[in-house]
Peer 1: 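One structure follows; several queries about it will come next.
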Amino acid sequence: MSTNGDRSRGTTIFDVARLAGVSHQTVSRVLNDLPNVRPATRERVEQAIRQLRYVPSQAARALVTRRSRTIGLVATGLPDYGPASYVLTVNESARDAGYAVITTTLADAAGPSLRSAAELLIRQNVEAIVLIAAERVALDAFDGWELGVPLVVVSGEPRGRAVRVGLDQYRAARAAVSHLLELGHTDIRHVAGPAGSIDGEERLRGWRDRLLESGLTPTEALRGDWTPASGYDLGAALAATGAEAVFVANDQMALGVLHALQTAGRRVPEDVSVIGFDDIPEAAHFSPPLTTIRQDFVAIGRDAMAAVLALLQDEDGTRLPAPRDPPLIVRGSTRAV
């Protein structure tokens with residue numbers, strides 16, 4: 001048999017925050033009667049406190065003053081150009097905002113590893129965590145887990161409850177395929193990223209859906225591992241099929257595809273149009289220069305820190321960065337048929 005006292009002791013500041021639809025920082029401000037809380041927000045919090053019969057502890061009252069000016073950054077996956085750019089930019093943006101960053105890089109994105117990394121960061125009193133999520137398993141590890149601090153995810157897929165920043169990967173892939181369709185191509189193949197990759201799966205889905213909408217039947221996608229070597233192997237297989245256009249899921253694999261097609265005597269773009277994804281610095285200097293979808297890694301990294309600052313300010317109506325639209329960079333590797 002439970003009593004009201006038992007119930008109040010079992011209720012946390014995070015329960016109040018969830019019921020009121022605010023963050024725990026706002027609940028702390030209300031508890032400590034601090035300014036910068038809208039009257040309507042204050043009333044919602046007070047109503048949640050009454051409904052839950054919440055009795056704040058000294059630790060809960062202290063949350064509002066526990067400012068470490070430090071955020072945690074968890075990067076998963078291989079240290080490729082994109083993730084490395086995110087890490088660098090988040091660190092620079094945090095420093096500009098007066099924050100220090102504790103960075104953890106994990107090749108293994110499995111749940112136990114991620115949770116251990118996050119728990120270590122929380123014990124070091126970080127005010128927020130930024131997760132650079134390369135694989136869906138990384139998002140699944142955090143879904144439904146109450147961290148107690150804001151979580152911002154750099155991801156190409158709208159998944160889970162965390163605030164997300166990044167490029168709309170699905171829309172970007174559709175833009176790549178639309179470019180090839182507008183050039184008159186109807187046999188558009190796809191060299192995809194590895195299974196389980198968030199970006200790879202979203203780009204594959206965008207390629208497939210855009211072709212189906214155009215009344216075309218997609219062939220089976222070929223899966224690489226993001227490296228030029230895998231692109232070369234798959235490009236050699238494509239050269240034997242007589243494909244007329246290829247959407248490659250990243251520029252590194254596109255480099256390998258270009259090499260394989262040229263080795264096989266297939267001219268680009270006269271015989272085959274090739275479009276990549278990312279617009280890495282080398283893409284403009286491929287032979288021929290690569291048409292590609294540009295990911296502005298620097299801008300997205302800044303968006304991640306802007307989202308952190310917006311969540312920490314925690315004011316009603318705070319505008320968070322929206323997923324970015326995909327710019328198409330047209331160069332010499334595509335042409336009309």
Side-chain angles (χ1 to χ4, degrees), residues 23 25 69-77 79-106 109 114 118 121 126-136 138-139 142-143 147 149-176 197-203 206 250-251 277-281 292-329:
S23 76
Q25 290 99 329
R69 304 295 295 181
T70 302
I71 66 169
L73 175 61
V74 180
T76 66
D80 294 328
Y81 175 78
S85 298
Y86 291 141
V87 169
L88 178 63
T89 305
V90 170
N91 273 272
E92 290 178 343
S93 299
R95 185 167 58 251
D96 290 343
Y99 280 78
V101 181
I102 302 173
T103 302
T104 300
T105 303
L106 298 174
L114 279 171
L121 291 171
V126 298
E127 294 186 34
I129 292 177
V130 176
L131 169 66
I132 299 172
E135 300 176 357
R136 284 173 170 165
L139 297 185
F142 283 92
D143 195 27
L147 290 171
V149 298
L151 173 65
V152 174
V153 175
V154 180
S155 170
E157 180 184 18
R159 187 183 182 93
R161 296 182 301 165
V163 171
R164 178 178 72 100
V165 298
L167 182 73
D168 188 329
Q169 302 287 331
Y170 175 77
R171 185 173 177 180
R174 291 173 58 89
S197 162
I198 294 172
D199 292 350
E201 294 300 323
E202 286 298 283
R203 294 169 196 176
N250 80 333
D251 291 348
F277 202 111
D278 284 337
D279 195 28
I280 61 175
T292 187
I293 296 291
R294 173 174 292 166
Q295 285 208 85
D296 192 337
F297 297 108
V298 171
I300 293 170
R302 288 173 179 160
D303 285 348
M305 191 59 204
V308 166
L309 294 175
L311 291 169
L312 291 176
Q313 291 169 359
D314 191 46
E315 297 181 358
D316 284 0
T318 297
R319 293 179 62 87
L320 295 171
R324 290 183 173 267
D325 288 332
L328 171 69
I329 310 300

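What's counted below: heavy atoms across the whole structure, side chains too, no hydrogens, waters or symmetry copies.
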Peer 1: Within a strict 4.5 Å, meaning less than it, do heavy atoms of the Leu309 and Tyr99 side chains meet?
Peer 2: yes
Peer 1: Donor-acceptor check, side chain of Arg164 to backbone of Ser155, threshold 3.5 angstrom: yes or no?
Peer 2: yes
Peer 1: Verify, without hydrogens or angle tests, whether Asp251 (side chain) and Asp279 (backbone) share a donor-acceptor contact under 3.5 angstrom.
Peer 2: yes
Peer 1: Check for a donor-acceptor pair, side chain of Thr292 on one end and backbone N or O of Phe277 on the other, with a separation under 3.5 Å.
Peer 2: yes
Peer 1: Apply side chain to side chain donor-acceptor pair (under 3.5 Å) to Asp96 and list each qualifying residue two or more places apart in sequence or on a separate chain.
Peer 2: none
Peer 1: Just so I know, are the side chains of Pro150 and Leu312 near enough to count as touching, which here means a heavy-atom distance under 4.5 Å?
Peer 2: yes
Peer 1: Can you name the nearest heavy-atom pair linking Val130 to Ala304, along with the distance?
Peer 2: CG1-CB, 4.2 Å
Peer 1: Going from OG1 on Thr103 to CG on Asn91, what distance comes out if it is rounded to the nearest 0.5 angstrom?
Peer 2: 4.5 Å
Peer 1: Using modelled atom types only, decide if a donor and an acceptor are shared between the side chain of Thr105 and the backbone of Thr76 within a distance under 3.5 Å.
Peer 2: no
Peer 1: Over all heavy atoms of both residues, which pair between Val101 and Ala94 is shortest? Give the atoms and the distance, please.
Peer 2: CG2-CB, 3.4 Å
Peer 1: Look up atom CG in Leu167 and atom CD1 in Ile293, then write down how far apart they are to the nearest 0.5 Å.
Peer 2: 8.0 Å
Peer 1: Please report the shortest heavy-atom distance between Gln295 and Asp278, naming the atom on each side.
Peer 2: NE2-OD1, 2.8 Å
Peer 1: Side chains of Ile71 and Val90: does their closest heavy-atom pair fall under 4.5 Å?
Peer 2: yes
Peer 1: May I ask you to test the Arg203-Asn250 pair for a side-chain heavy-atom distance under 4.5 Å?
Peer 2: yes
Peer 1: Quick one, Leu121 with Val149, criterion side-chain contact (heavy atoms from CB on, under 4.5 Å). Give me CA distance, side-chain angles, the key distance, then yes/no.
Peer 2: CA-CA 10 Å; Leu121 291 171; Val149 298; over 6 Å; no
Peer 1: Donor-acceptor pair, distance only, cut-off 3.5 Å: does the side chain of Arg324 make one with the backbone of Val165?
Peer 2: no
Peer 1: To check you understand the geometry: which heavy-atom pair defines the closest contact between Gly166 and Ile300, and what is its length?
Peer 2: CA-CG2, 3.6 Å
Peer 1: Looking at every non-hydrogen atom in both residues, tell me the closest pair between Ser85 and Phe297 and how far apart they are.
Peer 2: CB-CB, 3.6 Å
Peer 1: Would you find a donor on one side and an acceptor on the other, under 3.5 Å apart, between the side chain of Glu127 and the backbone of Arg69?
Peer 2: yes
Peer 1: Where do Glu201 and Gln169 land on the side-chain hydrogen bond (donor to acceptor under 3.5 Å, both in side chains) test, with the steps shown first?
Peer 2: CA-CA 9 Å; Glu201 294 300 323; Gln169 302 287 331; over 6 Å; no
Peer 1: Over all heavy atoms of both residues, which pair between Ala133 and Val153 is shortest? Give the atoms and the distance, please.
Peer 2: CB-CG1, 4.0 Å
Peer 1: How many angstroms lie between atom CG of Leu73 and atom OG1 of Thr104, to the nearest 0.5 angstrom?
Peer 2: 8.0 Å
Peer 1: Got a second to check how far Glu202's CD is from Asp168's CG, nearest 0.5 Å?
Peer 2: 7.5 Å
